[in-house]
Amino acid sequence: MQFTMRIVCILVLILLFSGSSSFGDSANVSPRPEVVNIGALFSFRSMIGKVGKIAVEAAIEDVNSDPSILGVTKLNLSLHDTNYSGFLGIIESLRFMETKTMAIIGPQNSVTAHVISHIANEVQVPLLSFSATDPTLSSLQFPFFIRTSQNDLYQMAAVAEIVDYFQWKEVIAIFVDDDHGRNGIAALGDQLNERRCKISLKVPLKPDASRDEVTDALVKVALTQSRILVIHTYETTGMVVLNVAQYLGLTGPGYVWIATNWLSLLLDTNSPLPSASMENIQGLVALRLYTPDSALKRNFVSRWTNLTAGKSSSGSFGLSTYGLYAYDTVWMLAHAINAFLNEGGNLSFSKLSKLTGTDVRYLNLNSMSIFNGGKTLLDKILEVNFTGITGSVGFTPERDLIHPAFEVINIIGTGERKIGYWSNYSGLSIVPPETLYSKPPNRTSSNQKLYDVVWPGQATQKPRGWAFPNSGRHLRIGVPRRVSYQEFVSQVEGTDMFTGYCIDVFTAAINLLPYAVPYKLIPFGDGLTNPSETELIRLITTGVYDGAIGDIAIITNRTRMADFTQPYVESGLVVVAPVKKLNSSAWAFLRPFTPKMWFSFSTLFFSHRENTVSALGRLVLIIWLFVVLIINSSYTASLTSILTVQQLSSPVKGIETLISNNDPIGYQQGSFARNYLIEELGIHESRLVPLISAEHYVKALNDGPTNNGVAAIVDERAYVELFLSTRCEYSIVGQEFTKNGWGFAFPRDSPLAVDMSTAILRLSENGDLQRIHDKWLMKSACTSQASKIEVDRLQLNSFWGLFLICGCACLLALSIYLYQMVRQYSEHYAEELGSSEQTSRSASLQRFLSFADEKEEVFKSQSKRRRMQEDSIRSVNEENSTGSVRKVGHGYADGNMHDS
């Protein structure tokens, strides 16, 4: 509808004109005319218009005085004043269509540019605007519109990068509700989204908004959370906004104001500003179109005072960057026209073919004509490449000027301070962008730099960027109403209060924040079953809750819906199963070694009798003794562990056992464990049994899988450790197979999540987190000191196997010995035994013992003689060995003497 109204407006305006001149279909012109007509559309009394008018006139004069540019051809400029009116801008543009105008410099603002660009498309006359920066003036819709200054898309990218540099997440956008302001803020929103930031509130203003209307709008701003304000307006409106903001206390400490280049335009043109105006903009950060320093620029700046002398009744005015771009726009057009004429460009005009066969008796459209060479001239404009007072001039394939860059300034005292630059090539830097173009681009966060800023209220510390609004509203914090493990979270019966470990951690952390946080804890759940914490997190995204606290595990699908704080509990999924204590058996001494290692027993008793005389033998012996030492030590350590450490056994070895069989598996009702087992581990849903309380855990584990119970329970370690603290008949089996933690949840990009994370880290560092843990979760160990002593003390049943072997060996040896002695005695005293049948048993026993003693003495003497013989033989061998060595030595010496 808006487009239709614009077309209707154009047709109505055409009725106002009755062109007196018309052009032939193919009027012949000289390939190098003496004069070419160009037009310009400005509001002569506006800041941009009065500067642009003088800059364009100066450029026309400079071009016409330089025959190297256009030769004999001169530029004839027609200036039309739009007088701040889009309506007059349309009319004046139509007047240019009555003359042979090759191009138009303008229009000045984006609203007029949108309408006139439709006309330019039809008559094929290029529009060159140095101040219409609306990013939606695209080359696809308006091919004959050429922006000769920087696109607001880049300015909004610079603003977004500043916001991201200071790690703010939300901004409030204040803008004029027209094509310029509305489309610029839309581009800002896109740029912020790329950096995970956003516009939390848009505040549109009428272009001619009154002070009361501005006040009403800023009162809404004061009731919001964000303290980062981006203002994208015109000069007059912007100063009214800042004046009202000063009155409402919105420019004090804690606030951040970022102004687009309208403020630098005001400072450049009307400096110095009145002290009251300067007071309103203290601490602001603003952008200015950047143009590199050069001799051409310095020369033009030095001429400016003479150029503006007597041109304004209100006195002299300064040169803004728009004046520099206006000057280069004329030179850009001159270079393009020269290239156009050098190639024999067609300067003819013809009637609009679309009017043929149309009843135009009442519209009188005969004055409308098409520039036949318009497309060629457009191409030549886009091909220009020269160095002007704004630096290198040329266009990108997207038809934007090359090397977009801005200065970042900070308003302090009576002036400004440059704190850095932004360029599309290297981002934020403290060195001029042109010094970086020769280097590889580096957009890493560590390479983004700005000088320190003095913020509103003369604050030097970076503002937090947000605060709780003074609306009296409390944060609604959702808290799960747990049925089991109420040591973590529980609601006090009959009240709206909560207690527990998680509540104490939250309270302690929020008390460490440097600001007050009004909040109210809201119960979530029916109190009969454990609620779904994933559903609680989802309600944050819908605005039901402003946050959630409790035993909330940080898992992937929840992080997609909310931001979590630093974990205050480390947790993960583990398997709990019944275990049986294994007492050490009588044959425990056999367990340290496998059958393949039984040869090691030889090393326990092997005695090295042979003398080692060679170095190689000693080397082998040393290594073998080291092996013996390690084997003996390992056997001792293993056996010690078997005998003294409590041994537990379970048929379930870990999560792998549960995956491989079909036994039922228990899980805590409401836990994320259910979805994890189904989706990640592929366990069928029918095998999963929800359990509500610790008592249900005990019953299900005791019943077992064969009696409608479960083989094991999968739950988070924090719950399991509390469960096992008083139940020794169960234990964690296998390894923890997930890693996560518990945290507090807040809406995406909430600054409170960051501050609470810092507070939780402080609790951990100062020991308060551990003290809270000990208060709620420190339970008596399931094993008493007596049971520990019983485990550490060795019992007879661990060694009776050894005693049995030893006893049996002794009995066997004794039996064999007695058998041998009796046999020898019988043989020795066979005759006496036969002749003395009447001898008493005592006498026989005495004789047998005497015989045994005699045998013992004989055995000892024989052993002694054998040892003496062995010693004698060993001595002889050693002497022989020594003698051989000496003989060899003497022989070697005699040989030497003989040689001498």
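Side chains included, hydrogens not; waters and symmetry mates left out as well; all remaining heavy atoms used.
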Taking salt bridge (charged side-chain N to carboxylate O under 4.0 Å, His left out) as the cut-off, I'd like each qualifying pair that reaches into residues 657-681, sequence neighbours left out, listed once. R674-E685
Would you check if N530 and Y485 make a side-chain contact, meaning some heavy-atom pair closer than 4.5 Å? no
Donor + acceptor pair across side chains of Y697, D715 (<3.5 Å): yes
F488 versus L722: any side-chain heavy-atom pair under 4.5 Å? yes
Side chains of S757 and T565: donor-acceptor distance under 3.5 Å anywhere? no
Centres of the Y568 and F744 rings: under 6.0 Å? yes
Can you confirm whether Q735 is buried at CD, in the sense that more than 12 heavy atoms of other residues, nucleotides or ligands lie under 6.0 Å from that atom? no
Side chain proximity check, R481 to F524, heavy atoms < 4.5 angstrom: no
Determine whether more than 12 heavy atoms belonging to other residues, nucleotides or ligands lie under 6.0 Å from atom CG of N708. no
Atom CG of N740 and atom CZ of R717: how far apart are they, to the nearest 0.5 Å? 11.5 Å
Ion pair check, D768 and R771, cut-off under 4.0 Å: yes
What is the distance from atom CG of L763 to atom CG of L769, rounded to the nearest 0.5 Å? 6.0 Å
I need the L811 CG to I816 CD1 distance, nearest 0.5 Å. 11.0 Å
Heavy-atom side-chain contact between V575 and I732 under 4.5 Å: no
Under 3.5 Å donor-acceptor, T657 side chain and V652 backbone: no
From I549 atom CD1 to I477 atom CD1, the distance as rounded to the nearest 0.5 Å: 7.0 Å
Could you check if a side-chain atom of V479 sits within less than 4.5 angstrom of a side-chain atom of P523, using non-hydrogen atoms only? no
Using the salt bridge (charged side-chain N to carboxylate O under 4.0 Å, His left out) rule, collect all pairs that involve residues 698-707, keeping only residues at least two apart or in two chains. K699-D703
Does S484 use its side chain to pair, donor to acceptor, with the backbone of A694 at less than 3.5 Å? no
Student check: side-chain heavy atoms of F498 and V489 closer than 4.5 Å: yes
At what distance, to the nearest 0.5 angstrom, does CG of L761 lie from CD of Q566? 4.5 Å
Validation row, ring centre F672 to ring centre W742 under 6.0 Å: no
Ring centroid separation F746 to F564 under 6.0 Å: no
Evaluate the side-chain proximity of L701 to I713: yes if any heavy-atom separation is below 4.5 Å, no if none is. yes
Determine whether L512 and M756 make a side-chain contact, defined as any pair of heavy atoms from C-beta on separated by less than 4.5 Å. no
When you check the gap from the basic side-chain N to the acidic O, do E535 and R538 get nearer than 4.0 Å? yes
